[in-house]
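For reference, the structure discussed in these notes is given below.
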Protein chains: 2
Amino acid sequence: MSDQRQDLLPRDRLDGASVRRLAREGRLVGQTSGLAPGYVQGNLVILPADVAADFLRFCQRNPKPCPVIGISEPGSPHIPSLGADLDLRTDVPLYRVWRDGVLAEEPTDLEALWRPDLVAFVLGCSFSFEEALIADGLEVRNVSCGVNVPMFRTSIPCAPAGPFAGPLVVTMRPFKAADAVRAVQITSRFPAVHGAPVHLGRPDLIGIRDLARPDYGDPVPVADDEIPVFWACGVTPQAVMEAARLAFAITHAPGAMLVTDVRNSRLAAL
Amino acid sequence: MSDQRQDLLPRDRLDGASVRRLAREGRLVGQTSGLAPGYVQGNLVILPADVAADFLRFCQRNPKPCPVIGISEPGSPHIPSLGADLDLRTDVPLYRVWRDGVLAEEPTDLEALWRPDLVAFVLGCSFSFEEALIADGLEVRNVSCGVNVPMFRTSIPCAPAGPFAGPLVVTMRPFKAADAVRAVQITSRFPAVHGAPVHLGRPDLIGIRDLARPDYGDPVPVADDEIPVFWACGVTPQAVMEAARLAFAITHAPGAMLVTDVRNSRLAAL
(Lines give C-alpha, C1' and ligand atoms only; values in the text may rest on other atoms or scores of the structure.)
Protein backbone atom coordinates (compact mmCIF):
# COMPACT_ATOMS: atom_id res chain seq x y z
CA MET A 1 0.00 0.00 0.00
CA SER A 2 1.23 3.47 -0.82
CA ASP A 3 1.42 6.09 1.89
CA GLN A 4 -0.34 8.82 -0.10
CA ARG A 5 -3.06 11.01 1.36
CA GLN A 6 -5.75 8.47 0.68
CA ASP A 7 -8.33 10.28 2.75
CA LEU A 8 -8.50 12.82 -0.06
CA LEU A 9 -9.44 10.14 -2.58
CA PRO A 10 -13.09 9.72 -3.52
CA ARG A 11 -14.85 7.38 -1.09
CA ASP A 12 -15.20 4.66 -3.70
CA ARG A 13 -11.46 4.68 -4.39
CA LEU A 14 -10.50 3.75 -0.83
CA ASP A 15 -9.32 0.25 -0.04
CA GLY A 16 -10.02 -1.66 3.18
CA ALA A 17 -6.83 -0.59 4.93
CA SER A 18 -7.47 3.07 4.10
CA VAL A 19 -10.95 2.98 5.60
CA ARG A 20 -9.57 1.38 8.77
CA ARG A 21 -6.87 4.05 8.99
CA LEU A 22 -9.47 6.82 8.65
CA ALA A 23 -11.46 5.22 11.47
CA ARG A 24 -8.31 4.75 13.55
CA GLU A 25 -7.39 8.41 13.15
CA GLY A 26 -10.89 9.53 14.16
CA ARG A 27 -11.65 10.97 10.77
CA LEU A 28 -14.46 8.50 10.01
CA VAL A 29 -17.12 7.94 12.68
CA GLY A 30 -20.18 6.97 10.61
CA GLN A 31 -21.48 4.36 8.20
CA THR A 32 -19.13 2.38 5.99
CA SER A 33 -21.73 1.53 3.33
CA GLY A 34 -20.29 2.23 -0.13
CA LEU A 35 -16.74 2.64 1.17
CA ALA A 36 -13.96 0.44 -0.22
CA PRO A 37 -16.14 -1.38 -2.74
CA GLY A 38 -14.95 -4.91 -3.39
CA TYR A 39 -13.73 -5.42 0.19
CA VAL A 40 -15.48 -7.55 2.77
CA GLN A 41 -17.16 -5.64 5.59
CA GLY A 42 -17.94 -7.52 8.77
CA ASN A 43 -20.20 -7.43 11.81
CA LEU A 44 -18.20 -7.25 15.04
CA VAL A 45 -19.08 -8.99 18.31
CA ILE A 46 -16.66 -8.84 21.25
CA LEU A 47 -17.37 -10.98 24.31
CA PRO A 48 -15.61 -12.05 27.52
CA ALA A 49 -14.01 -15.48 27.13
CA ASP A 50 -16.47 -17.08 29.57
CA VAL A 51 -19.39 -16.64 27.14
CA ALA A 52 -17.36 -16.62 23.91
CA ALA A 53 -17.38 -20.42 23.70
CA ASP A 54 -21.19 -20.45 23.93
CA PHE A 55 -21.40 -17.79 21.25
CA LEU A 56 -19.08 -19.67 18.93
CA ARG A 57 -21.19 -22.79 19.39
CA PHE A 58 -24.28 -20.71 18.59
CA CYS A 59 -22.62 -19.48 15.38
CA GLN A 60 -21.56 -22.99 14.42
CA ARG A 61 -25.13 -24.19 14.86
CA ASN A 62 -26.62 -21.25 12.93
CA PRO A 63 -24.15 -20.62 10.11
CA LYS A 64 -26.61 -18.84 7.83
CA PRO A 65 -27.32 -15.89 10.16
CA CYS A 66 -23.90 -16.13 11.87
CA PRO A 67 -21.20 -16.80 9.27
CA VAL A 68 -17.91 -16.46 11.20
CA ILE A 69 -15.15 -15.07 8.97
CA GLY A 70 -12.65 -14.35 11.76
CA ILE A 71 -12.02 -14.92 15.49
CA SER A 72 -9.30 -13.27 17.56
CA GLU A 73 -7.04 -15.05 20.02
CA PRO A 74 -8.33 -14.30 23.55
CA GLY A 75 -7.01 -10.88 24.58
CA SER A 76 -5.62 -10.07 21.15
CA PRO A 77 -7.14 -7.11 19.28
CA HIS A 78 -5.76 -8.42 16.00
CA ILE A 79 -7.08 -10.81 13.33
CA PRO A 80 -4.24 -10.93 10.79
CA SER A 81 -6.23 -13.04 8.31
CA LEU A 82 -8.62 -10.12 7.83
CA GLY A 83 -5.99 -7.36 7.67
CA ALA A 84 -2.29 -7.28 8.48
CA ASP A 85 -2.47 -4.06 10.52
CA LEU A 86 -6.06 -4.52 11.69
CA ASP A 87 -6.68 -3.32 15.27
CA LEU A 88 -10.09 -4.13 16.67
CA ARG A 89 -9.75 -1.41 19.33
CA THR A 90 -9.61 1.44 16.84
CA ASP A 91 -10.54 0.37 13.32
CA VAL A 92 -14.32 0.39 13.53
CA PRO A 93 -15.76 3.90 13.10
CA LEU A 94 -18.26 3.59 15.95
CA TYR A 95 -18.76 0.93 18.64
CA ARG A 96 -21.59 0.04 20.98
CA VAL A 97 -20.93 -1.11 24.53
CA TRP A 98 -23.60 -3.23 26.19
CA ARG A 99 -23.89 -3.72 29.96
CA ASP A 100 -26.44 -6.17 31.36
CA GLY A 101 -28.03 -6.30 27.93
CA VAL A 102 -28.55 -2.54 27.72
CA LEU A 103 -26.78 -0.10 25.38
CA ALA A 104 -24.42 1.82 27.69
CA GLU A 105 -22.22 3.93 25.42
CA GLU A 106 -21.10 4.53 21.82
CA PRO A 107 -17.34 5.12 21.85
CA THR A 108 -15.18 5.68 18.76
CA ASP A 109 -12.44 3.46 20.14
CA LEU A 110 -11.98 0.74 22.76
CA GLU A 111 -8.61 1.81 24.18
CA ALA A 112 -10.06 2.28 27.68
CA LEU A 113 -12.29 -0.79 27.50
CA TRP A 114 -10.06 -3.51 26.11
CA ARG A 115 -9.45 -6.43 28.46
CA PRO A 116 -7.21 -9.48 28.25
CA ASP A 117 -10.20 -11.86 28.39
CA LEU A 118 -12.01 -10.45 25.37
CA VAL A 119 -12.60 -12.52 22.24
CA ALA A 120 -13.70 -10.86 19.00
CA PHE A 121 -15.90 -12.42 16.32
CA VAL A 122 -16.23 -11.00 12.83
CA LEU A 123 -19.32 -12.19 10.97
CA GLY A 124 -19.97 -11.82 7.24
CA CYS A 125 -22.46 -9.17 6.16
CA SER A 126 -24.85 -8.91 3.24
CA PHE A 127 -22.99 -5.93 1.70
CA SER A 128 -20.78 -8.55 0.01
CA PHE A 129 -23.59 -10.48 -1.65
CA GLU A 130 -25.51 -7.32 -2.56
CA GLU A 131 -22.40 -6.20 -4.45
CA ALA A 132 -22.38 -9.54 -6.30
CA LEU A 133 -26.09 -9.22 -7.16
CA ILE A 134 -25.64 -5.68 -8.48
CA ALA A 135 -22.53 -6.67 -10.44
CA ASP A 136 -24.71 -9.27 -12.16
CA GLY A 137 -27.21 -6.61 -13.21
CA LEU A 138 -29.91 -7.32 -10.63
CA GLU A 139 -31.72 -4.46 -8.93
CA VAL A 140 -31.36 -4.62 -5.14
CA ARG A 141 -34.40 -2.66 -4.01
CA ASN A 142 -33.03 -1.24 -0.75
CA VAL A 143 -29.94 -0.02 -2.61
CA SER A 144 -31.89 1.55 -5.50
CA CYS A 145 -34.25 3.16 -2.96
CA GLY A 146 -31.31 4.37 -0.87
CA VAL A 147 -32.72 2.95 2.37
CA ASN A 148 -31.71 0.33 4.92
CA VAL A 149 -32.75 -3.23 4.01
CA PRO A 150 -36.05 -4.31 5.64
CA MET A 151 -35.55 -6.92 8.36
CA PHE A 152 -38.10 -9.19 10.04
CA ARG A 153 -38.19 -11.51 13.03
CA THR A 154 -39.45 -14.89 11.85
CA SER A 155 -41.15 -17.86 13.47
CA ILE A 156 -38.04 -19.94 12.69
CA PRO A 157 -36.11 -20.65 15.91
CA CYS A 158 -32.32 -20.61 15.94
CA ALA A 159 -30.58 -23.66 17.40
CA PRO A 160 -29.76 -22.45 20.93
CA ALA A 161 -26.37 -22.60 22.69
CA GLY A 162 -25.77 -21.59 26.31
CA PRO A 163 -27.55 -18.29 26.96
CA PHE A 164 -28.00 -17.62 23.25
CA ALA A 165 -31.44 -18.37 21.80
CA GLY A 166 -34.13 -16.66 19.80
CA PRO A 167 -35.77 -16.37 16.40
CA LEU A 168 -34.03 -16.10 13.06
CA VAL A 169 -34.07 -12.54 11.72
CA VAL A 170 -34.18 -12.21 7.91
CA THR A 171 -33.70 -9.49 5.34
CA MET A 172 -36.12 -9.21 2.42
CA ARG A 173 -35.38 -8.19 -1.15
CA PRO A 174 -38.09 -8.43 -3.85
CA PHE A 175 -37.32 -9.78 -7.32
CA LYS A 176 -39.16 -10.87 -10.43
CA ALA A 177 -39.15 -14.70 -10.61
CA ALA A 178 -36.30 -15.06 -13.10
CA ASP A 179 -34.16 -12.67 -11.06
CA ALA A 180 -35.07 -14.55 -7.87
CA VAL A 181 -33.69 -17.73 -9.46
CA ARG A 182 -30.53 -15.83 -10.43
CA ALA A 183 -30.25 -14.40 -6.91
CA VAL A 184 -30.37 -17.93 -5.47
CA GLN A 185 -27.55 -18.95 -7.79
CA ILE A 186 -25.38 -15.95 -6.99
CA THR A 187 -25.81 -15.94 -3.22
CA SER A 188 -25.32 -19.72 -3.06
CA ARG A 189 -21.73 -18.96 -4.03
CA PHE A 190 -21.29 -16.86 -0.88
CA PRO A 191 -21.94 -19.06 2.17
CA ALA A 192 -19.63 -16.82 4.22
CA VAL A 193 -22.06 -13.91 3.86
CA HIS A 194 -25.40 -15.62 4.61
CA GLY A 195 -25.46 -17.75 1.43
CA ALA A 196 -28.64 -18.86 -0.31
CA PRO A 197 -32.06 -17.54 0.72
CA VAL A 198 -33.82 -19.26 3.61
CA HIS A 199 -37.27 -18.61 2.16
CA LEU A 200 -39.09 -17.11 -0.78
CA GLY A 201 -42.71 -16.42 -1.50
CA ARG A 202 -45.40 -16.24 1.16
CA PRO A 203 -44.17 -14.26 4.20
CA ASP A 204 -46.83 -15.73 6.51
CA LEU A 205 -45.26 -19.18 6.21
CA ILE A 206 -42.30 -17.91 8.27
CA GLY A 207 -44.35 -15.78 10.65
CA ILE A 208 -44.10 -12.41 8.89
CA ARG A 209 -47.44 -10.60 8.97
CA ASP A 210 -46.83 -7.45 6.96
CA LEU A 211 -43.96 -6.78 4.55
CA ALA A 212 -44.67 -3.05 4.83
CA ARG A 213 -43.84 -3.10 8.55
CA PRO A 214 -40.33 -4.49 9.08
CA ASP A 215 -39.06 -5.07 12.62
CA TYR A 216 -35.78 -3.32 11.73
CA GLY A 217 -34.67 -1.18 8.80
CA ASP A 218 -36.96 0.42 6.26
CA PRO A 219 -39.85 -0.89 4.16
CA VAL A 220 -39.32 -1.16 0.39
CA PRO A 221 -41.97 -1.44 -2.34
CA VAL A 222 -42.81 -4.92 -3.64
CA ALA A 223 -44.44 -4.97 -7.10
CA ASP A 224 -47.35 -7.25 -7.91
CA ASP A 225 -45.21 -9.45 -10.18
CA GLU A 226 -42.36 -9.76 -7.66
CA ILE A 227 -41.54 -12.46 -5.13
CA PRO A 228 -40.14 -11.54 -1.73
CA VAL A 229 -36.85 -13.38 -1.16
CA PHE A 230 -35.57 -13.77 2.40
CA TRP A 231 -31.99 -14.19 3.57
CA ALA A 232 -30.69 -14.93 7.07
CA CYS A 233 -29.54 -11.67 8.64
CA GLY A 234 -26.63 -10.63 10.83
CA VAL A 235 -29.06 -8.85 13.13
CA THR A 236 -29.94 -12.34 14.40
CA PRO A 237 -26.86 -12.66 16.64
CA GLN A 238 -27.31 -9.09 17.88
CA ALA A 239 -30.94 -9.74 18.83
CA VAL A 240 -29.98 -13.02 20.45
CA MET A 241 -27.15 -11.34 22.34
CA GLU A 242 -29.41 -8.58 23.62
CA ALA A 243 -31.92 -11.18 24.77
CA ALA A 244 -29.13 -13.01 26.64
CA ARG A 245 -28.59 -9.85 28.78
CA LEU A 246 -24.85 -10.36 28.99
CA ALA A 247 -23.00 -8.46 31.70
CA PHE A 248 -20.62 -7.04 29.12
CA ALA A 249 -20.39 -7.04 25.34
CA ILE A 250 -19.20 -4.81 22.53
CA THR A 251 -20.48 -4.60 18.96
CA HIS A 252 -20.08 -2.24 16.01
CA ALA A 253 -22.75 0.48 15.74
CA PRO A 254 -25.31 -0.31 13.02
CA GLY A 255 -23.84 0.32 9.57
CA ALA A 256 -20.39 1.23 10.93
CA MET A 257 -18.72 -2.02 9.98
CA LEU A 258 -15.23 -3.45 10.24
CA VAL A 259 -13.74 -3.11 6.75
CA THR A 260 -11.23 -5.86 5.96
CA ASP A 261 -8.49 -6.47 3.40
CA VAL A 262 -10.33 -9.53 2.08
CA ARG A 263 -11.89 -9.11 -1.32
CA ASN A 264 -15.56 -10.08 -1.68
CA SER A 265 -14.65 -12.33 -4.59
CA ARG A 266 -12.42 -14.36 -2.27
CA LEU A 267 -15.51 -15.37 -0.29
CA ALA A 268 -17.03 -17.01 -3.36
CA ALA A 269 -17.25 -20.77 -2.96
CA LEU A 270 -17.02 -21.33 -6.69
CA MET B 1 -19.63 -54.92 -20.19
CA SER B 2 -20.34 -58.56 -19.57
CA ASP B 3 -22.29 -60.59 -22.11
CA GLN B 4 -24.65 -62.15 -19.58
CA ARG B 5 -28.38 -62.39 -20.11
CA GLN B 6 -28.97 -58.87 -18.92
CA ASP B 7 -32.59 -58.80 -19.99
CA LEU B 8 -33.21 -61.08 -17.05
CA LEU B 9 -31.70 -58.63 -14.61
CA PRO B 10 -34.03 -56.34 -12.66
CA ARG B 11 -34.82 -53.24 -14.72
CA ASP B 12 -32.91 -51.00 -12.34
CA ARG B 13 -29.76 -53.09 -12.77
CA LEU B 14 -29.48 -52.50 -16.52
CA ASP B 15 -26.90 -50.11 -17.88
CA GLY B 16 -27.34 -47.83 -20.89
CA ALA B 17 -25.85 -50.26 -23.41
CA SER B 18 -28.08 -53.09 -22.14
CA VAL B 19 -31.23 -51.03 -22.59
CA ARG B 20 -30.18 -50.11 -26.11
CA ARG B 21 -29.50 -53.79 -26.89
CA LEU B 22 -32.96 -54.78 -25.64
CA ALA B 23 -34.49 -52.10 -27.87
CA ARG B 24 -32.32 -53.18 -30.78
CA GLU B 25 -33.43 -56.80 -30.39
CA GLY B 26 -37.09 -55.79 -30.29
CA ARG B 27 -37.50 -56.94 -26.69
CA LEU B 28 -38.22 -53.42 -25.34
CA VAL B 29 -40.79 -51.31 -27.18
CA GLY B 30 -42.14 -49.05 -24.40
CA GLN B 31 -41.11 -46.39 -21.91
CA THR B 32 -37.55 -46.16 -20.62
CA SER B 33 -38.41 -44.31 -17.40
CA GLY B 34 -36.67 -46.00 -14.47
CA LEU B 35 -34.40 -48.09 -16.70
CA ALA B 36 -30.62 -47.81 -16.35
CA PRO B 37 -30.70 -45.37 -13.44
CA GLY B 38 -27.67 -43.08 -13.44
CA TYR B 39 -27.45 -42.98 -17.23
CA VAL B 40 -28.46 -40.00 -19.35
CA GLN B 41 -31.60 -40.47 -21.43
CA GLY B 42 -32.13 -38.17 -24.38
CA ASN B 43 -34.85 -36.80 -26.62
CA LEU B 44 -34.26 -37.71 -30.27
CA VAL B 45 -34.97 -35.47 -33.27
CA ILE B 46 -33.94 -36.61 -36.78
CA LEU B 47 -34.25 -34.15 -39.66
CA PRO B 48 -33.17 -33.86 -43.29
CA ALA B 49 -29.97 -31.84 -43.64
CA ASP B 50 -31.78 -28.98 -45.38
CA VAL B 51 -33.68 -28.03 -42.19
CA ALA B 52 -31.15 -29.41 -39.69
CA ALA B 53 -29.09 -26.20 -39.76
CA ASP B 54 -32.19 -24.15 -38.90
CA PHE B 55 -33.00 -26.54 -36.08
CA LEU B 56 -29.48 -26.39 -34.69
CA ARG B 57 -29.68 -22.60 -34.74
CA PHE B 58 -33.02 -22.82 -32.94
CA CYS B 59 -31.43 -25.01 -30.25
CA GLN B 60 -28.47 -22.68 -29.92
CA ARG B 61 -30.83 -19.75 -29.38
CA ASN B 62 -33.02 -21.64 -26.92
CA PRO B 63 -30.59 -23.73 -24.90
CA LYS B 64 -32.85 -24.17 -21.87
CA PRO B 65 -35.64 -26.07 -23.67
CA CYS B 66 -33.23 -27.49 -26.30
CA PRO B 67 -29.97 -28.59 -24.62
CA VAL B 68 -28.08 -30.43 -27.38
CA ILE B 69 -25.96 -33.24 -25.96
CA GLY B 70 -25.13 -34.91 -29.27
CA ILE B 71 -25.40 -34.43 -33.06
CA SER B 72 -24.67 -37.08 -35.70
CA GLU B 73 -22.62 -36.53 -38.83
CA PRO B 74 -25.05 -36.17 -41.78
CA GLY B 75 -26.09 -39.64 -42.88
CA SER B 76 -24.44 -41.39 -39.94
CA PRO B 77 -26.71 -43.26 -37.50
CA HIS B 78 -23.98 -43.17 -34.84
CA ILE B 79 -23.01 -40.70 -32.12
CA PRO B 80 -19.96 -42.34 -30.51
CA SER B 81 -19.72 -39.74 -27.74
CA LEU B 82 -23.05 -40.99 -26.36
CA GLY B 83 -22.37 -44.73 -26.76
CA ALA B 84 -19.68 -46.67 -28.60
CA ASP B 85 -22.11 -49.10 -30.24
CA LEU B 86 -25.07 -46.72 -30.38
CA ASP B 87 -27.21 -47.08 -33.52
CA LEU B 88 -29.91 -44.46 -33.92
CA ARG B 89 -31.82 -46.69 -36.36
CA THR B 90 -32.51 -49.42 -33.81
CA ASP B 91 -31.69 -48.35 -30.25
CA VAL B 92 -34.79 -46.32 -29.36
CA PRO B 93 -37.69 -48.57 -28.28
CA LEU B 94 -40.32 -46.73 -30.31
CA TYR B 95 -40.08 -43.98 -32.93
CA ARG B 96 -42.50 -41.52 -34.42
CA VAL B 97 -42.39 -40.59 -38.11
CA TRP B 98 -43.86 -37.24 -39.09
CA ARG B 99 -44.89 -36.32 -42.64
CA ASP B 100 -46.05 -32.79 -43.44
CA GLY B 101 -46.26 -32.15 -39.70
CA VAL B 102 -48.62 -35.06 -39.05
CA LEU B 103 -47.83 -38.26 -37.16
CA ALA B 104 -47.63 -40.93 -39.89
CA GLU B 105 -46.35 -44.09 -38.18
CA GLU B 106 -44.76 -45.48 -35.02
CA PRO B 107 -42.08 -47.97 -36.08
CA THR B 108 -39.77 -49.86 -33.71
CA ASP B 109 -36.78 -49.30 -36.00
CA LEU B 110 -35.73 -47.02 -38.83
CA GLU B 111 -34.01 -49.58 -41.07
CA ALA B 112 -36.41 -48.88 -43.97
CA LEU B 113 -36.49 -45.12 -43.37
CA TRP B 114 -32.87 -44.12 -42.90
CA ARG B 115 -31.52 -41.75 -45.55
CA PRO B 116 -28.05 -40.40 -46.26
CA ASP B 117 -29.22 -36.81 -45.70
CA LEU B 118 -30.55 -37.30 -42.15
CA VAL B 119 -29.04 -35.54 -39.16
CA ALA B 120 -29.88 -36.66 -35.62
CA PHE B 121 -30.05 -34.41 -32.55
CA VAL B 122 -30.07 -35.76 -29.01
CA LEU B 123 -31.40 -33.29 -26.43
CA GLY B 124 -31.04 -33.62 -22.66
CA CYS B 125 -34.12 -34.66 -20.70
CA SER B 126 -35.35 -33.89 -17.20
CA PHE B 127 -34.99 -37.50 -16.03
CA SER B 128 -31.37 -36.61 -15.25
CA PHE B 129 -32.11 -33.65 -13.00
CA GLU B 130 -35.04 -35.40 -11.34
CA GLU B 131 -32.61 -38.13 -10.34
CA ALA B 132 -30.31 -35.49 -8.82
CA LEU B 133 -33.21 -33.88 -6.91
CA ILE B 134 -34.33 -37.23 -5.51
CA ALA B 135 -30.76 -38.20 -4.60
CA ASP B 136 -30.65 -34.99 -2.54
CA GLY B 137 -33.76 -36.03 -0.62
CA LEU B 138 -36.28 -33.79 -2.35
CA GLU B 139 -39.72 -35.12 -3.24
CA VAL B 140 -40.42 -34.85 -6.96
CA ARG B 141 -44.21 -34.82 -7.02
CA ASN B 142 -44.78 -36.45 -10.41
CA VAL B 143 -42.40 -39.26 -9.43
CA SER B 144 -43.97 -39.83 -6.00
CA CYS B 145 -47.43 -39.73 -7.61
CA GLY B 146 -46.31 -42.11 -10.34
CA VAL B 147 -47.60 -39.89 -13.14
CA ASN B 148 -46.15 -37.97 -16.08
CA VAL B 149 -44.88 -34.49 -15.20
CA PRO B 150 -47.42 -31.72 -15.91
CA MET B 151 -46.40 -29.54 -18.86
CA PHE B 152 -47.74 -26.14 -19.91
CA ARG B 153 -47.45 -23.87 -22.92
CA THR B 154 -46.35 -20.44 -21.70
CA SER B 155 -46.63 -16.89 -23.00
CA ILE B 156 -42.81 -16.81 -23.31
CA PRO B 157 -41.81 -16.92 -26.98
CA CYS B 158 -38.78 -18.92 -28.08
CA ALA B 159 -36.19 -17.13 -30.21
CA PRO B 160 -37.17 -18.26 -33.75
CA ALA B 161 -34.86 -19.74 -36.40
CA GLY B 162 -35.94 -20.58 -39.94
CA PRO B 163 -39.29 -22.38 -39.82
CA PHE B 164 -38.95 -23.05 -36.09
CA ALA B 165 -40.90 -20.74 -33.78
CA GLY B 166 -43.40 -20.98 -30.94
CA PRO B 167 -43.92 -20.68 -27.22
CA LEU B 168 -41.71 -22.13 -24.50
CA VAL B 169 -43.22 -25.25 -22.92
CA VAL B 170 -42.41 -25.79 -19.24
CA THR B 171 -42.71 -28.59 -16.70
CA MET B 172 -43.99 -27.82 -13.20
CA ARG B 173 -42.90 -29.37 -9.91
CA PRO B 174 -44.18 -27.99 -6.59
CA PHE B 175 -41.88 -27.53 -3.59
CA LYS B 176 -41.89 -25.91 -0.19
CA ALA B 177 -39.84 -22.68 -0.33
CA ALA B 178 -36.65 -24.08 1.21
CA ASP B 179 -36.76 -27.06 -1.16
CA ALA B 180 -37.41 -24.71 -4.08
CA VAL B 181 -34.19 -22.88 -3.21
CA ARG B 182 -32.37 -26.22 -3.04
CA ALA B 183 -33.91 -27.30 -6.37
CA VAL B 184 -32.56 -24.11 -7.99
CA GLN B 185 -29.09 -24.93 -6.65
CA ILE B 186 -29.16 -28.55 -7.81
CA THR B 187 -30.58 -28.00 -11.28
CA SER B 188 -28.24 -25.04 -11.88
CA ARG B 189 -25.49 -27.66 -11.93
CA PHE B 190 -27.14 -29.40 -14.90
CA PRO B 191 -27.36 -26.92 -17.79
CA ALA B 192 -27.28 -29.84 -20.26
CA VAL B 193 -30.66 -31.07 -18.98
CA HIS B 194 -32.64 -27.80 -18.87
CA GLY B 195 -30.67 -26.25 -15.98
CA ALA B 196 -32.15 -23.78 -13.49
CA PRO B 197 -35.88 -23.04 -13.40
CA VAL B 198 -37.20 -20.40 -15.80
CA HIS B 199 -39.92 -19.28 -13.38
CA LEU B 200 -41.32 -19.85 -9.92
CA GLY B 201 -44.41 -18.60 -8.14
CA ARG B 202 -47.40 -17.12 -9.92
CA PRO B 203 -48.31 -19.19 -12.99
CA ASP B 204 -50.35 -16.35 -14.56
CA LEU B 205 -47.18 -14.27 -14.99
CA ILE B 206 -46.06 -16.70 -17.70
CA GLY B 207 -49.50 -17.23 -19.24
CA ILE B 208 -50.56 -20.36 -17.35
CA ARG B 209 -54.20 -20.15 -16.33
CA ASP B 210 -54.79 -23.32 -14.34
CA LEU B 211 -52.15 -25.60 -12.79
CA ALA B 212 -54.75 -28.36 -12.56
CA ARG B 213 -55.12 -28.44 -16.36
CA PRO B 214 -51.73 -29.04 -17.98
CA ASP B 215 -51.41 -28.89 -21.77
CA TYR B 216 -49.43 -32.16 -21.73
CA GLY B 217 -48.82 -34.82 -19.07
CA ASP B 218 -50.78 -35.20 -15.85
CA PRO B 219 -51.82 -32.75 -13.13
CA VAL B 220 -50.18 -33.13 -9.70
CA PRO B 221 -51.41 -31.75 -6.36
CA VAL B 222 -49.87 -28.46 -5.14
CA ALA B 223 -50.18 -27.87 -1.39
CA ASP B 224 -51.08 -24.48 0.04
CA ASP B 225 -47.58 -23.94 1.41
CA GLU B 226 -45.84 -24.94 -1.82
CA ILE B 227 -44.49 -22.87 -4.69
CA PRO B 228 -44.82 -24.09 -8.26
CA VAL B 229 -41.38 -24.21 -9.90
CA PHE B 230 -41.14 -24.23 -13.69
CA TRP B 231 -38.39 -25.66 -15.86
CA ALA B 232 -37.94 -25.39 -19.63
CA CYS B 233 -39.18 -28.62 -21.22
CA GLY B 234 -38.01 -30.84 -24.07
CA VAL B 235 -41.55 -30.85 -25.43
CA THR B 236 -40.80 -27.31 -26.66
CA PRO B 237 -38.78 -28.46 -29.71
CA GLN B 238 -41.39 -31.12 -30.50
CA ALA B 239 -44.23 -28.58 -30.42
CA VAL B 240 -42.17 -26.16 -32.49
CA MET B 241 -41.34 -28.88 -34.98
CA GLU B 242 -44.97 -29.92 -35.35
CA ALA B 243 -45.92 -26.29 -35.92
CA ALA B 244 -43.25 -26.03 -38.64
CA ARG B 245 -45.10 -28.77 -40.62
CA LEU B 246 -41.88 -30.28 -41.93
CA ALA B 247 -42.17 -32.61 -44.92
CA PHE B 248 -40.29 -35.32 -43.01
CA ALA B 249 -39.04 -35.76 -39.46
CA ILE B 250 -38.46 -38.56 -36.96
CA THR B 251 -38.59 -38.37 -33.15
CA HIS B 252 -38.70 -40.86 -30.30
CA ALA B 253 -42.19 -41.76 -29.05
CA PRO B 254 -43.05 -39.96 -25.77
CA GLY B 255 -41.24 -41.61 -22.87
CA ALA B 256 -39.34 -44.07 -25.08
CA MET B 257 -36.01 -42.30 -24.90
CA LEU B 258 -32.55 -42.92 -26.27
CA VAL B 259 -30.55 -44.31 -23.33
CA THR B 260 -26.87 -43.39 -23.51
CA ASP B 261 -23.62 -44.56 -21.91
CA VAL B 262 -23.09 -41.12 -20.35
CA ARG B 263 -23.59 -40.96 -16.60
CA ASN B 264 -25.90 -38.22 -15.28
CA SER B 265 -23.15 -37.06 -12.93
CA ARG B 266 -20.96 -36.31 -15.95
CA LEU B 267 -23.46 -33.65 -17.02
CA ALA B 268 -22.94 -31.74 -13.78
CA ALA B 269 -21.27 -28.41 -14.40
CA LEU B 270 -19.75 -28.37 -10.91
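Quantities reported herein were computed from a predicted structural model and do not represent experimental measurements. Note on naming: letters A, B, ... go to the chains in the order of the sequence lines (proteins, then strands), and numbering restarts at 1 for each one.
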Is any NZ, NE, NH1 or NH2 atom of the basic residue among A:Arg202 and B:Asp225 found under 4.0 Å from an Asp or Glu carboxylate oxygen of the other? no
B:Val119 vs B:Ile71 side-chain heavy atoms within contact, under 4.5 Å: yes
Largest heavy-atom contact set with chain A, pairs under 4.5 Å, which of B:Ile227, B:Val229, B:Ile206: B:Ile227
Check this for me, if you would: do A:Arg182 and A:Asp179 make a salt bridge, where the nitrogen-to-carboxylate-oxygen distance has to be below 4.0 angstrom? no
Among B:Val235, B:Val198, B:Thr236, side chain to side chain contact (heavy atoms under 4.5 Å, CB included) partner for B:Val170: B:Val198
Which portion of B:Asp204 sits near chain A, non-hydrogen atoms under 4.5 angstrom: neither
Heavy-atom distance under 4.5 Å to chain B: side chain of A:Leu200, backbone, both or neither? both
Which atoms of B:Val181 are under 4.5 Å from chain A, going by heavy atoms: the side chain, the backbone, both sets, or neither? both
